Amino acid sequence: MSLARSAATPLLLIALVALAAFLGDQGPGPVRSATDGALITLVVVVALMVFSGTSGVFSFGHASFMAIGAYTAALVATTPTYKGIELPELPHWIATVHVSEVPAVLLGGALAAAFGVVVALPLVRLNGLAASLATVALLVAVHDVAENWDRITRGTPGFILDAPQPGTWRLFPWAAGAIVVAWIFKRSPVGLRLIASREDPVAAAASGINIRIERAIALVVSAFLAGVCGALFALHFANISPLNFYLSVTFTMVAMLVVGGAESVSGAVVGVIFVTTLLQTFRQIEEGFTLASVHVPARPGLSEFGLALGLLAILILRPRGITGGREVGPPRLPRRPRLRVRAPDAATSSETS
Amino acid sequence: VDGAALGSFFALFALGIALIFGIMRLVNFAHGELIMVASYAIYLTQSLWWPLIVLTAVAAAVAMALLTERVAFRPVRGASPATLLITSFAVSYLLQSGGRLVFTSLPKSADIDPLLRESFTVGEVFVSWLTVITIAVTAALLVALAVFLRMTSMGTRMRAAAEDFDAARLCAVDANRVVAASFALSGLLAGAAALLVVGQTGSLFPTMGLTPVLFGFTAAVIGGMGSLSGAVLGGYLLGAGSTVLTNVLPTSVAPFRDALLFMFVMVVLTVRPEGLLRARGTVTRV
């Protein structure tokens with residue numbers, strides 16, 4: 001595959017995201033904020049794809065990497081005076097540090113990646129279900145720490161930042177960057193070896209692939225991206241609490257990835273756009289509206305209900321997601337018709353392959 | 001005594017999860033929502049005579065268990081464990097938001113019987129009636145379940161399916177009926193658990209299923225996924241462990257008790273993925 005061809009997919013996806021972000025940015029307030037939220041969520045869904053999509057091990061623990069990225073960025077981006085008021089018991093060296101947006105986000109990603117290294121040690125030894133269950137345990141454990149480590153996280157009520165909030169077009173480069181990183185990772189030797197291990201772990205191991213090491217690398221890359229997402233979340237919404245990084249966001253990101261198709265970057269992007277649109281539509285209905293003098297009352301919980309229903313439908317009807325694991329790209333050039341000299345059965349088998 | 005009561009709760013939650021895992025390799029996170037559904041059934045019928053409350057709570061949980069099995073889990077049966085896990089999350093989330101739609105997220109309160117809140121003393125120890133009932137009900141259910149699995153033909157079929165699902169089907173075990181029966185049983189356990197939980201806390205809300213399911217899952221993992229006696233053992237160990245931890249840990253570490261417990265789960269999964277009691281048929285050989 002030539003360079004131009006292999007660069008086409010990420011470029012198309014970035015263009016798609018840009019178009020969606022542009023359209024969303026024209027809408028009314030709630031739609032705009034949903035668009036910004038989707039740009040941020042895109043980063044973690046792509047992160048999830050990097051680990052779960054390539055390795056086939058579903059993670060429910062990525063919200064904990066988000067939490068680490070978010071609290072890191074929040075602590076380093078808030079001004080020292082403000083920190084003195086909110087978190088008087090903060091260790092001195094954290095209390096005095098103050099950096100701007102980009103280093104704060106990168107630092108959030110880096111710390112999440114470092115945590116990813118620690119988590120990888122037990123996690124890569126596990127397979128399939130046990131690994132997924134371990135990530136659930138991880139999610140609960142990190143949530144519990146965030147809720148109770150008052151000195152650093154301010155516990156359940158959460159933490160308000162006073163840092164400049166990045167808007168739509170300052171979030172966009174991060175989302176685009178995440179797509180590029182994921183695409184390069186998927187095409188890299190590590191990514192290809194992991195995909196091989198997903199398809200057939202025994203054959204992959206027999207071909208000399210050390211699944212544990214490849215998975216560990218994927219987890220660290222993925223944790224970095226998830227940390228970046230958490231940091232962006234903290235800076236953009238300027239208000240974080242442990243509940244932001246728990247079951248609800250876990251469910252949303254898993255739903256987005258599964259709906260779009262977990263095995264491709266395109267699936268992650270399509271899933272985010274599709275689910276965000278769906279959720280936004282349900283939210284309009286949820287708040288209640290009046291259509292042709294018929295008043296539909298507010299129904300809180302409807303959007304989650306709709307999302308869960310949609311996810312179930314996809315799982316049952318199209319378990320590989322909307323994209324079915326394929327990537328978007330330029331249409332393949334039609335093959336030149338070959339001379340029909342082969343036997344008919346050979347011709348049919350080459351068409352189906 | 002607190003440890004034993006807590007352990008009984010955890011054992012009940014864990015049993016419901018282990019029962020289904022044993023047969024379907026499905027970790028049913030929607031089990032907590034069965035407890036939630038049963039609790040709302042209690043809320044709606046709380047003014048009635050108490051055997052009726054018990055009956056409706058159990059019936060609601062069993063009906064909901066069968067419904068989720070038929071609608072959501074049967075079509076994805078045989079898919080990879082990860083897909084099954086996501087499906088159960090989806091079902092759990094669906095029921096939770098359904099609960100919010102119908103009853104709003106505000107907590108409701110229900111009072112089954114004032115007797116439950118009274119307590120008596122044995123020597124120096126305060127014992128509430130609820131503790132006694134919790135332990136007694138759990139013990140009774142355990143005995144009943146054991147008898148059912150050993151003595152009835154459906155029980156034998158369920159044990160066969162848990163050991164080797166395909167081989168059991170070859171021996172003319174009706175897969176749909178066995179799976180439905182295991183869901184019905186887990187619904188029954190959820191109904192009983194709901195009665196005890198509501199009896200203890202008196203309040204109910206759509207996300208109330210979360211804590212039970214997390215601890216039940218923990219207990220099941222510690223004891224060995226798919227092994228019923230392991231689930232019970234794990235439940236009581238977890239109950240005793242968390243009671244001891246609460247009393248022993250210094251106050252600076254005490255809030256992190258649950259974090260420690262779940263890290264312990266990760267360690268167990270890593271060191272001994274099959275749990276304390278290994279269930280037959282859960283080890284994959286190449």
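Letters A, B, ... are given to chains in the order of the sequence lines, protein chains preceding strands, and every chain is numbered from 1. Everything quoted here is computed from the prediction, not taken from an experiment.
Between the OG atom of B/Ser97 and the CZ atom of A/Phe251 there is a distance of 7.5 Å, given to the nearest 0.5 Å. Going from atom CG of A/Asp144 over to atom CG of B/Leu261 covers 9.0 Å, rounded to the nearest 0.5 Å. A distance of 9.5 Å separates CG of A/Leu315 from CG of B/Leu84, quoted to the nearest 0.5 Å. Here the CE atom belonging to B/Met263 is positioned 9.0 Å from the CG atom belonging to A/Leu138, to the nearest 0.5 angstrom.
Two residues are said to be in side-chain contact when any heavy atoms from C-beta on lie closer than 4.5 Å; B/Gln96 and A/Glu304 fail this criterion. Looking at B/Leu210 and A/Tyr246, their side chains come closer than 4.5 Å, going by heavy atoms from C-beta outward. Looking at A/Phe60 and B/Leu85, their side chains come closer than 4.5 Å, going by heavy atoms from C-beta outward. When side chains are defined from C-beta on, A/Leu133 counts as touching B/Val27, because their heavy atoms get closer than 4.5 Å.
Ranked by heavy-atom pairs under 4.5 Å with chain A, the list B/Val91, B/Leu214, B/Val71 is led by B/Leu214. No other option in A/Val140, A/Leu312, A/Leu311, A/Leu309 has as many heavy-atom pairs under 4.5 Å with chain B as A/Val140. In terms of heavy-atom pairs under 4.5 angstrom with chain B, the leader among A/Ala134, A/Ala131, A/Pro201, A/Gly56 is A/Ala134. Contact tally against chain A (heavy-atom pairs below 4.5 Å) for B/Phe262, B/Phe217, B/Phe264, B/Phe29: the top residue is B/Phe262.
In this structure, no portion of A/Pro319 lies under 4.5 Å from any heavy atom of chain B. Of the atoms belonging to A/Ser52, not a single heavy atom falls under 4.5 Å from chain B. For chain B, the nearby part of A/Val136 is the side chain; its heavy atoms alone come within less than 4.5 Å. For A/Val254, the part sitting under 4.5 Å from any heavy atom of chain B is the side chain, from C-beta outward, and nothing else. At a 4.5 Å heavy-atom cutoff, A/Leu121 makes no contact with chain B through either its backbone or its side chain.
Counting non-hydrogen atoms of neighbouring residues, nucleotides and ligands closer than 6.0 angstrom, the CZ atom of A/Phe274 reaches no more than 12 such neighbours. Surrounding CZ of B/Phe103 are more than 12 heavy atoms belonging to other residues, nucleotides or ligands, all under 6.0 Å away.
Pairing each heavy atom of A/Ala308 with each of B/Ala90, the nearest pair is CB-O, 3.6 Å.
A/Phe305 has its ring centre no less than 6.0 Å from the ring centre of B/Tyr93.
Annotation: residues 255-265 of chain A contacts chain B through A/Val258 [non-hydrogen atoms, separation under 4.5 Å].
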